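To keep things clear, I will list the structure first and then write my remarks on it.
We use all heavy atoms of the structure for the numbers below, so side chains are in, but hydrogens, waters and symmetry mates are not. Predicted, not measured: the structure shown is a model, and the values here were computed from it. Position 1 is the first residue of the sequence, and the numbers go up from there.
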Amino acid sequence: MSEAGTNSNNGPLFGRQTTFTHETATQKVRLAEDGWNGRDPEKVALAYSENSAWRNRDLFITGRAEIVRFLTAKWRRELNYRLIKELFAFSENRIAVRYAYEFHDRTGQWYRAYGNENWVFDDTGLMSQRFASINNLPIGNSERKFHWKLGRRPDDHAGLSDFGL
């Protein structure tokens with residue numbers, strides 16, 4: 001990442017693709033993972049349209065300002081957050097991903113969250129809809145699988161399928 005909300009190709013965070021091939025959908029998923037692992041709500045929000053509509057678990061969120069507020073609160077609660085996303089399916093302007101992330105709360109209890117997301121992109125390549133279903137599983141410190149330094153997951157680090165997740 002270079003400037004706020006841009007990637008090294010001078011495009012907005014997560015790119016501006018409006019229709020996808022397997023390669024571009026996979027790239028979009030990795031850029032999204034990288035953005036979320038950076039835990040900067042302002043940068044992450046730039047990947048979504050101004051009026052982007054989300055369903056995240058039982059919450060309904062609309063617009064960038066609400067996205068920023070949601071992510072700010074999320075990353076204050078979910079400490080040492082590390083996320084891995086994987087492409088599940090794609091077509092035209094839609095992508096489905098599965099993911100897992102690990103974090104601990106303020107008491108030190110670790111969790112692994114498992115989720116699925118459906119994304120819809122507008123004609124400018126920004127995400128206009130995000131539907132997320134997520135479940136948290138309490139885990140012990142010894143059960144953790146995601147150990148890289150906070151931030152971007154290294155390219156040589158195992159993915160979800162490698163872990164059998």
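In this structure, CD on E102 lies 4.0 Å from CD1 on I139, to the nearest 0.5 angstrom. Here the OG1 atom belonging to T62 is positioned 11.0 Å from the CH2 atom belonging to W54, to the nearest 0.5 angstrom. Expressed to the nearest 0.5 Å, how far NZ of K74 lies from CD1 of I67 amounts to 13.5 Å. Remark: R30 CZ to L87 CG distance equals 13.5 Å, nearest 0.5 Å. In this structure, I61 CD1 and L71 CG are separated by 7.5 Å, a value rounded to the nearest 0.5 Å. Note that NZ of K145 is 15.0 Å distant from CZ of R82, once rounded to the nearest 0.5 Å.
Within 6.0 Å of CZ in R77 there are more than 12 heavy atoms belonging to other residues, nucleotides or ligands. The environment of CZ in R98 is crowded: more than 12 heavy-atom neighbours from other residues, nucleotides or ligands sit within 6.0 Å. The neighbour count for F88 CZ, taken as heavy atoms of other residues, nucleotides or ligands under 6.0 Å away, does not exceed 12.
A distance below 6.0 Å separates the ring centres of W36 and W75.
Side-chain atoms of E86 do not come within 3.5 Å of backbone N or O of Y99 as any donor-acceptor pair. A donor-acceptor pair under 3.5 Å is absent between the side-chain atoms of S91 and the main chain of R94, judged by distance alone. Within the 3.5 Å criterion, the main-chain N or O of F121 finds a donor-acceptor partner in the side chain of N93. For the pair N37 (side chain) and D34 (backbone), a donor-acceptor distance under 3.5 Å is absent. With T72 contributing its side chain and V68 its backbone, the two residues share a donor-acceptor pair below 3.5 Å. E78 places no side-chain N or O within donor-acceptor distance of the main-chain N or O of A73, the cut-off being under 3.5 Å. Between the E143 side chain and the G140 main chain, a donor and an acceptor come within less than 3.5 Å of each other.
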When the side chains of residues 125-132 are checked against the rest of the protein, which donor-acceptor pairs come out under 3.5 Å, sequence neighbours left out?
| from | atom 1 | to | atom 2 | distance (Å) |
| --- | --- | --- | --- | --- |
| S128 | OG | V120 | O | 3.2 |
| R130 | NE | E117 | OE2 | 3.0 |
| R130 | NH1 | N56 | OD1 | 2.8 |
| R130 | NH2 | N56 | OD1 | 2.9 |
| R130 | NH2 | E117 | OE2 | 2.7 |

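Considering only heavy atoms from C-beta on, F90 comes within 4.5 Å of H22 through its side chain. Looking at heavy atoms from C-beta onward, V97 lies out of side-chain contact with N116 at the 4.5 angstrom threshold.
Considering only residues two or more places apart in sequence or on other chains, R39 meets the side-chain hydrogen bond (donor to acceptor under 3.5 Å, both in side chains) condition with none of them. Applying the ring-ring contact (aromatic ring centres under 6.0 Å, His included) criterion to H157, with sequence neighbours excluded, gives W148, F163. Residues passing the ring-ring contact (aromatic ring centres under 6.0 Å, His included) test with F103, sequence neighbours excluded: Y101, Y111. Not a single side chain to side chain contact (heavy atoms under 4.5 Å, CB included) links D123 to another residue, sequence neighbours left out.
For the ring pair (Phe, Tyr, Trp, His ring centres under 6.0 Å) test with H104, the passing option among F146, Y81, W110 is W110; the others fail.
When all heavy atoms of I134 and A113 are compared, the pair lying nearest together is CG2-CB, 3.9 Å.
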*side-chain contact (heavy atoms from CB on, under 4.5 Å) evaluation trace for L79 with D105*: CA-CA 6 Å; L79 307 174; D105 63 18; over 6 Å; no
*Any chance you could lay out the side-chain contact (heavy atoms from CB on, under 4.5 Å) test for W119 and V29, step after step, and finish with the verdict?*
CA-CA 10 Å; W119 301 342; V29 171; 4.0 Å; yes
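Listed by first and then second residue, the salt bridge (charged side-chain N to carboxylate O under 4.0 Å, His left out) pairs that reach into residues 46-58 are E50-R64, sequence neighbours excluded.
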